[in-house]
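Before any comments, here is the structure.
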Amino acid sequence: MRNFRYYLPASDIIFGSGSLNSVGVEAKRFGKKALLVTGKSSMKRLGFLEKCVDFLKKEGLEVEHYGEVISNPTVDIVNRGARIAIEKNCDVIIGFGGGSAIDTAKNIAVVAGHFEGKDISIWEFSGAVENPRPITSKTLPVIAITSTSGTGSHVSRFAVVTNEKTREKMGILSLFICPKVSIVDIDIISCMPPSLTSKTGFDVMAHLTECLVSRRSNPITDFYCLKGVELVLEYLPRAYRNGEDLEARENMAIADTLAGWALVTSRPCLPHAMSHPVSAFYPEVDHGEALAALTCECMRFNIERGDEETVRKYCEIARIGGKNINSFTKEEALKSIDVIKELLEKIDLNVRLRDFGVKEEDFEGMVRSAFSTMRGPIEANPVDVSDRDIIELYKKSM
Ligand code: NZQ
Ligand code: MN
């Protein structure tokens, strides 16, 4: 066993049907004025935005609403939100929605917390710049209310943002942005339509399988990952077929949380490293569908070149997926790809990059973007990867 370091940030998770109603009591612990960060329509259309505001006001909080977040949120969206938080003197930032809203809330908390009278941008804190500004305890407290089961953002120390100008999509990383409180209300999550359920659900599967084989994995995250894979295989197809299957929704939310915890000390690897440039170059491509197009080829690459431990871990995935595994060989490990393909079939997400209009002429630029923004995941891959390997894998995923 390798030596390892393990820790979990203290997110207080409030889980279950109706848990949204605790938001006021929780937010009150952090101050009097909240910035509520959401996407443009879903939470309002479903009536949850109004409820959330009511719960906050009932506890005496003043609420500013910033409802401009889009999928694959940009630097500009973060900076505009931060300006509101600064002008209105907000004490706590509440991210309410999918990963995009929660990530934007976390990033706003960084910018607003470090404001010292001179305009600053979230990009200054990103690893893409030389000498990034350190993220400190000045970061404002964040509360996450997750409406998807996908990114693990409600318990993770990452917040993703896209720089449209440089076409770089990257994770801001700090323990200080981890939500202090995380509300997982199944009534909200159950409103996801089938296509969103499948894309976000596959993101969970990608986190689990990648963190399992990652060079940064440890025996504790391995437990989360193996259990999570079992939950996703059983419950994602059910949640996809019937969004009102609450048992399936609950178990997907647990799997999302386990994956988020795995992400804290382990790391995703090649599929994530390759998926971010896809969305940076083609912003209409959602994170989960990019992963769906890339995962199987990356798994084949890792199995073919992987060491004994990597092969054994892919065999474990195959076994959880019901395959008969007689020995830990590369041939047997390839059965894990069948497990993923069968899952993708069941959730109608058997997609290829060409389905999204991705063009080969962008591959060189996408590889550069991967190496500048996703070096962590590339280095965490169990097998060494070169820029030529990544181009080959993009081609095979077309
Ligand atoms: O924008 P609104 O109108 O709110 O609608 C959203 C959006 O259109 C809608 N939606 C969300 N919850 C819903 C719902 N519609 C009906 N019912 C609900 N319950 O769904 C659309 C997609 O939302 P989004 O937040 O973009 O999805 P997701 O949760 O998949 O988040 C994706 C973002 O998170 C990043 C991704 O890269 C992407 O930017 N990630 C964040 C990570 C992290 N912070 O640790 C790790 C991940 O690997 C990932 O990179
Ligand atoms: Mn992801």
Side-chain angles (χ1 to χ4, degrees), residues 9-12 14 20-40 43-44 48-70 73-126 132-147 153-154 157-161 172-183:
S11 287
D12 190 346
I14 305 176
L20 177 65
N21 64 17
S22 57
V23 67
V25 176
E26 295 302 325
K28 194 162 72 169
R29 297 200 279 132
F30 302 101
K32 293 198 174 90
K33 204 158 193 183
L35 182 73
L36 182 58
V37 181
T38 69
K40 290 193 171 175
M43 291 305 105
K44 189 170 180 186
F48 293 117
L49 175 63
E50 201 183 331
K51 279 192 188 157
C52 184
V53 173
D54 286 349
F55 289 136
L56 288 164
K57 288 194 169 160
K58 214 173 98 196
E59 294 298 327
L61 280 112
E62 276 181 64
V63 185
E64 289 293 331
H65 177 222
Y66 180 57
E68 295 294 320
V69 180
I70 56 167
T74 61
V75 166
D76 181 54
I77 288 172
V78 171
N79 290 345
R80 278 195 283 135
R83 242 168 269 144
I84 300 174
I86 293 163
E87 276 164 23
K88 303 286 179 185
N89 255 321
C90 294
D91 307 302
V92 50
I93 313 294
I94 304 175
F96 184 17
S100 299
I102 297 173
D103 284 358
T104 302
K106 288 168 161 178
N107 283 330
I108 288 174
V110 170
V111 177
H114 293 82
F115 178 75
E116 282 168 346
K118 202 170 96 219
D119 244 6
I120 47 171
S121 164
I122 188 62
W123 204 246
E124 295 170 35
F125 297 87
S126 87
R133 286 184 60 151
I135 297 172
T136 71
S137 58
K138 289 181 183 168
T139 306
L140 296 181
V142 175
I143 294 180
I145 310 165
T146 182
S147 69
S153 183
H154 63 301
R157 62 194 177 115
F158 292 104
V160 178
V161 64
I172 304 288
L173 194 160
S174 167
L175 276 176
F176 293 112
I177 63 176
C178 213
K180 299 274 183 282
V181 179
S182 187
I183 294 174

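Atom-to-atom distance recorded for I122:CD1 and T74:OG1 is 12.0 Å, nearest 0.5 angstrom. Here the CG-CD1 distance, from N107 to I102, works out to 12.5 Å after rounding to the nearest 0.5 Å. Distance check, rounded to the nearest 0.5 Å: CG of L20 to OG of S147 gives 11.0 Å. Of the inter-residue distances, the one linking D76 atom CG with W123 atom CH2 reads 13.5 Å to the nearest 0.5 angstrom. Here I86 contributes atom CD1 and E116 contributes atom CD; the two are 11.0 Å apart, rounded to the nearest 0.5 Å. Summarising the geometry, atom CD1 belonging to I93 is positioned 12.0 Å from atom NZ belonging to K180; distances are rounded to the nearest 0.5 Å.
Contact detail for I183 and S22: the closest heavy-atom pair is CD1-OG, 3.9 Å. Heavy atoms only, all atoms of each residue included: D103 and S153 are closest at OD1-OG, 2.6 Å. Shown here for L35 and Y66, the closest heavy-atom pair between the two residues is CD1-CB, 4.1 Å. Counting all heavy atoms, side chain and backbone alike, E59 lies closest to G24 at CG-C, 3.4 Å. Between I108 and A85 the shortest heavy-atom distance is CG2-CB, 4.0 Å. A pairwise comparison of heavy atoms in A105 and V142 identifies O-CG2, 4.3 Å as the closest pair.
Between I145 and C52, some side-chain heavy-atom pair lies under the 4.5 Å cut-off. Residues L36 and M43 fail the side-chain proximity criterion, which asks for heavy atoms closer than 4.5 Å. The shortest distance between side-chain heavy atoms of V69 and T38 does not fall below 4.5 Å. Contact of the I94 side chain with the L56 side chain is registered, since non-hydrogen atoms from C-beta on lie closer than 4.5 Å. Between H114 and I135 there is a side-chain heavy-atom pair separated by less than 4.5 Å. N79 is listed as a side-chain neighbour of R83, based on a closest heavy-atom distance under 4.5 Å. Side-chain contact between F30 and D91 is absent, with no heavy atoms from C-beta onward closer than 4.5 Å. When side chains are defined from C-beta on, I120 counts as touching R133, because their heavy atoms get closer than 4.5 Å.
Counting non-hydrogen atoms of neighbouring residues, nucleotides and ligands closer than 6.0 angstrom, the NZ atom of K33 exceeds 12 such neighbours. By the 6.0 Å contact criterion, NZ on K28 is enclosed, its count of non-hydrogen atoms from other residues, nucleotides or ligands being greater than 12. Residue E124 places its CD atom among more than 12 non-hydrogen atoms of other residues, nucleotides or ligands, all under 6.0 Å distant.
Not a single donor-acceptor pair under 3.5 Å links the side chain of K106 to the backbone N or O of P179.
In this structure, K58 does not pair ionically with D54, as no charged nitrogen and carboxylate oxygen lie closer than 4.0 Å.
Paired with S126 under the rule side-chain contact (heavy atoms from CB on, under 4.5 Å), one option of V75, V161, I172 passes, and it is I172.
For the residue pair H154 and S11, no side-chain donor N or O sits within less than 3.5 Å of a side-chain acceptor on the partner.
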